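First comes the structure, then the notes that go with it.
Reckoned from all heavy atoms, side chains included, excluding hydrogens, waters and symmetry mates. Just so it is clear, the structure is predicted and the values come from calculations on it, not from any experiment. The residues of the chain are indexed from 1 along the displayed sequence.
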Amino acid sequence: MRRPLFMACLCLVIVLAIGRILTGADTGDAGVLPPDGSPVRITGRIDTRTSETIILKSISIIQNDLKYSYSGKLQCELTNTQEVQSLRLGQHIVLEGVFSHFDAATNHGEFDVRAYSAGKGIGGRVRKAQVLAAEEDYSFLREKLFAFRRRLHDRLAKVFPEKEASVMQTLLLGEKEEMDAEVKALYQRNGIAHILSISGLHITLLGMGCYRLLKRLGAPVRVAAAGGAMTLLLYGMMVGMSVSASRAIGMYLLQMLGIFVGRTYDMLTGVGLLAALLVLQQPERLGDVSFLMSFGAVLGICLLTPVFAGDGREDNVGVETASGVVAGLLTVTDILGDSAYERNKYREGWRKVVYERLWRMVSALKSGFAASAGVILFTLPIQLWFFYEIPVYSVLLNLLVLPFMSVVMAGGILSLIPGLGIAGTVDCLILWWYEWICERFGELPGAVWCVGRPAKWQMIVYYSGLFVLIIGRNYAEKWKRQRLYAAYVAENNHGDGHRAERERQRRETRGVDDSGRGRKRESNRKKMQHSDRYSEICPTRWRHVLANFWYTWQGVMTYRNGVMCRIVAAMILVLIVGLLTGNFDRGSRVTFLDVGQGDGIVVETGQGAYLFDCGSTSRRKIGEYVLKPYLKSRGIQSLRGVFVSHPDEDHMNGILELLENGGEWGITVEQMFLPAITEAERREAFEKLLVAAEYAGVPVSYIKCGDEIRDSRLRLRCLHPEENTTLADANAYSECFYVEVFAKAVKWGAAEGMEASGEGGRAASEVYGETGSIAVGVTGERTGHGDTGERKNFGVGAGKLSILLTGDVEGEGEQQLTQELQTLKTLQEAKTLRVAQESRALQNARKLQESQEPREQQELWESRRQGGFKVDILKVAHHGSGYSTSSEFLAAAGPAAAIISCGRNNSYGHPHAATLQRLEDAKVPWYLTTDYGALTVTVDSHGNRLKGYLRRK
């Protein structure tokens, strides 16, 4: 692969990507933007506009009598929407409003609006904007194209039904904002959302169609190329020059430039050059999913399609055909026909025509499968990084969908012409069929494989494996040609008779127009000038016998090595896909999600995941935008238990979303646990949850003080409330749990599983005993809150983490919890004393058996001997309210650190200064989700580490 320009561009993009990762920059000019809530006055030119917002570029910002320039773009939301209609593209305006940054992701897997906008070149937004002044000059061409686009939009809305109109508007005009949400989600789940992007299919129909049409009308080649280029440039300006549109149009322009200068167009070089230019123009595009998917798809076609298409003789044809298949399989050449083929088909008979047509269909299907597989495999890490799951049947579905895209595009273009709206009927039928087939594929078993977000090292290993496949395939083809040449030389250099036969064959084939055979013959002639060693292997009388044996052996080995190469390639492919999709982070961990004003805790063990509360009153759709992405990014498809501490919205509305939409999200709930309040209050307090659980088929149990739940790496003990509690306040009867999470599996000495009191269950204390079978402690390392490190160690190798979850408990409920903690602490201390006495009595016996015991059992015994009640992490009750977390409670719990979940700038004033002061007095360091985002504690044998999702400024 001798493409120096492509390699130079690739190295440039890699260097920029590494620099971006090391610096951690979101946008280059983010430092010059004002802080949130700052009143600003801005001047700039209108780049694009919608019905309610405008995008400004060439910006000057005036704040506190200071004026500075900003090289990016800003989104301005006008209070008077009628003003937007009077503005023109390219107009210079002055406006004032309140500046705010886009929301950044604060949880694992959460959609990062700030990074997404930075990839589009938009650094922030101005809310409540009012236009103060506007110049009269504007861009006449761009405004006319915008008005023409609006007319086309209205025409499509008139011809098609509402849902189909939104699809056609996205497909033809790039208006993704108005795309029907259900159809978009359906296409994304099945892996065909790429058909909605402006890409090579548009270029084929518009650019190449115009080029070929002008050529048929008698225009010179350069005039036809210029006409096609102008058509595409105007179309790109009209639809907004998205990344995919810029890439497709740029590749066409490079191809036309090759026609002008008389040079051959190379797709791979063109892709590399365009990627380098776009990244140099805007480095933030390296984090944009549309940029990565668009260029990754083309690289997959160029690099991997030849690997799957067949032998080397099909490389050029395979890539070109595959490009057409990805664009829509039916190209302009197929529509207009090939004149030479039309002339010859009648001369050769109808059987020959049918055979060639069938051969072309099979070849197109084969190339289409190879192209689809190449695109999916090359973009698989990108797919998993941003979307966390794989549509398993997407290759087959694309083969059924893509051949009709040219018909959809042609029908949509024809329907824009007055009087030809009937052409849209065919498009409606095809779009309905798309929905139907996507739904049927979605019902197949294992239609979506939730893998989770891979680690960076997994992506590096995966692409390294693909590189080995590509390079190995090239070397295998080169080795195969060398072997065939050696056999050819051996056959044709062992006697005058063979030379005469070769000369006769050469005379017979002279004049035959076979470019492939001619190239091979010329290559063999040049190689024969430098190699005569096979004719001198042995004396003359043995030359004929050994040459025949050598020729036969080379044929056998060529076949066998070809099979072996395919087997090795398949093994490498399976290996790297397995490494990419393997979940190597199955350790125990606890994550306190940043849900705003609310709570949400996910506990993960090797046996499964558990959810403790999920809700928010400051962020909407917390289940869809925070909980679902987190679980998907971790590869979690099932929750063994969901615990709802009490019926406040900020603790349960996310769980309600999960119960209502879990089937669609692909996340199941095995069991839900509610506090064991009185029977009369259960239905009233948790009515919505109970109805949703019944509809979703989720069993509900009621948990009380003393109940335990266990799996091999988790022990959960309910400390509050008492059964049939009489506490009327919902906060007071909040569920409170003492949770122990272990790095290694623990044998409890009884049947393992998950049991709780309530409907269909029994008290775990009846199964496991009142205090359980093991108590492992961790010595906490306490430091002040002033430490700004991202990691905090709690212990130095016990492999166990203890957490106290308190919900919103306060008042009388907190008093009861404090008493329970004191009782539990007394029981644990008594047990520790008893174990110490027993250990001294059995010390001599243990010394005799010590060398025979496994190391894990020794560590377990030592941990048991050092037992005692300790709390490593306290989840502060009621978001840090001043009416909870008393000094007596802190003395009873004795936590090593505290985590407070609350909303930024919340109206409740959480966390209260009095609560923080009590934590300071107790020498308990505290961490806020408002400062660190989601806080994750990992549990392993090297110690428990606390890390925030955000970097502390």
Side-chain angles (χ1 to χ4, degrees), residues 46-55 57 73 75 89 116-117 119-122 139 141-157 159-160 162-181 183-185 187-188 192-207 209-210 230-253 274 278 282 285 288-295 297-298 326-328 402 405-406 408-416 424 427 431 434:
I46 301 177
D47 184 55
T48 58
R49 63 184 176 93
T50 62
S51 58
E52 297 180 356
T53 62
I54 59 175
I55 305 296
K57 63 179 182 179
K73 301 177 183 179
Q75 176 181 308
L89 297 181
Y116 175 80
S117 302
K120 307 299 181 185
I122 305 174
S139 175
L141 177 60
R142 294 186 60 202
E143 182 61 30
K144 292 300 180 183
L145 289 175
F146 180 81
F148 182 61
R149 176 182 176 181
R150 296 306 303 172
R151 287 197 294 271
L152 297 180
H153 174 277
D154 296 338
R155 172 66 180 174
L156 291 173
V159 171
F160 292 92
E162 183 178 0
K163 183 187 294 185
E164 286 70 26
S166 67
V167 177
M168 297 305 300
Q169 289 162 0
T170 302
L171 183 62
L172 295 176
L173 306 178
E175 298 180 350
K176 297 183 179 180
E177 295 79 8
E178 300 185 11
M179 176 70 180
D180 185 82
V183 177
K184 183 178 180 180
Y187 285 5
Q188 287 178 342
I192 62 170
H194 60 87
I195 66 175
L196 302 173
S197 301
I198 296 176
S199 56
L201 177 59
H202 301 71
I203 305 310
T204 300
L205 289 178
L206 296 176
C210 181
M230 185 62 64
T231 301
L232 285 181
L233 286 175
L234 293 176
Y235 176 74
M237 293 175 62
M238 183 182 71
V239 299
M241 279 294 184
S242 63
V243 170
S244 57
S246 300
R247 189 263 308 160
I249 294 174
M251 293 178 67
Y252 174 84
L253 294 179
L274 286 172
L278 290 176
Q282 191 174 312
R285 286 196 173 105
D288 184 18
V289 59
S290 58
F291 173 85
L292 296 175
M293 290 295 288
S294 179
F295 281 90
V298 180
V326 172
L402 289 176
M405 283 305 300
S406 295
V408 174
M409 283 288 298
I413 294 174
L414 292 176
S415 65
L416 295 173
D427 286 357
L431 294 178
Y434 281 1

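- Between V243 and M293 there is no side-chain heavy-atom pair separated by less than 4.5 Å.
- In this structure, the separation between NZ on K120 and CZ on R285 is 8.5 Å, given to the nearest 0.5 Å.
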Checklist line | Test side-chain contact (heavy atoms from CB on, under 4.5 Å) applied to Y434 and V167, step by step | finding: CA-CA 11 Å; Y434 281 1; V167 177; over 6 Å; no
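- Taking the side chain as every heavy atom from C-beta outward, L152 and L172 never approach each other to under 4.5 Å.
- The shortest side-chain heavy-atom distance between E164 and D427 does not fall under the 4.5 Å cut-off.
- Rounded to the nearest 0.5 angstrom, F148 CZ and R155 CZ are separated by 11.5 Å.
- Remark: M241 CE to T48 OG1 distance equals 14.0 Å, nearest 0.5 Å.
- Residues satisfying the ring pair (Phe, Tyr, Trp, His ring centres under 6.0 Å) test with Y116, not counting sequence neighbours, are F111.
- Checked against salt bridge (charged side-chain N to carboxylate O under 4.0 Å, His left out), R142 has the following partners two or more places apart in sequence or in another chain: D47.
- Using a 4.5 Å cut-off on side-chain heavy atoms (C-beta onward), M251 and V298 make contact.
- The heavy-atom pair separating L156 from A165 by the smallest distance is O-CB, 3.7 Å.
- Looking at residues two or more places apart in sequence or on another chain, you find a salt bridge (charged side-chain N to carboxylate O under 4.0 Å, His left out) between E175 and R149, R150.
- With contacts defined as side-chain heavy-atom distances shorter than 4.5 Å, the pair I55/I122 qualifies.
- S166 places a side-chain N or O within 3.5 Å of a backbone atom of D180 that can act as its donor or acceptor partner.
- Here OG of S244 is found 12.5 Å from NE2 of H194. Values are rounded to the nearest 0.5 Å.
- Among residues two or more places apart in sequence or in another chain, the ring pair (Phe, Tyr, Trp, His ring centres under 6.0 Å) test is passed with F295 by F291.
- Every residue meeting the salt bridge (charged side-chain N to carboxylate O under 4.0 Å, His left out) condition with K163, not counting sequence neighbours, appears here in chain and number order: E435.
- The nearest pair of heavy atoms linking L145 to M238 is O-CG, 3.6 Å.
- The two atoms that bring Q282 and G119 nearest to each other are NE2-O, 2.7 Å, heavy atoms only.
- Taking each heavy atom of M237 and L141 in turn, the nearest pair found is CE-CD2, 3.9 Å.
- Contacts classified as salt bridge (charged side-chain N to carboxylate O under 4.0 Å, His left out) and involving residues 231-240 (residues at least two apart or in different chains) are not found.
- Here S139 contributes atom OG and K144 contributes atom NZ; the two are 11.5 Å apart, rounded to the nearest 0.5 Å.
- Annotation for Q188 and A193: closest pair CG-CB, 3.8 Å, computed over non-hydrogen atoms.
- Considering only heavy atoms from C-beta on, C210 stays 4.5 Å or farther from M230 through its side chain.
- Exactly one of L233, L274, L232 qualifies for a side-chain contact (heavy atoms from CB on, under 4.5 Å) with L253. That residue is L233.
- The line from CG of L171 to CE of M179 is 9.0 Å long, rounded to the nearest 0.5 Å.
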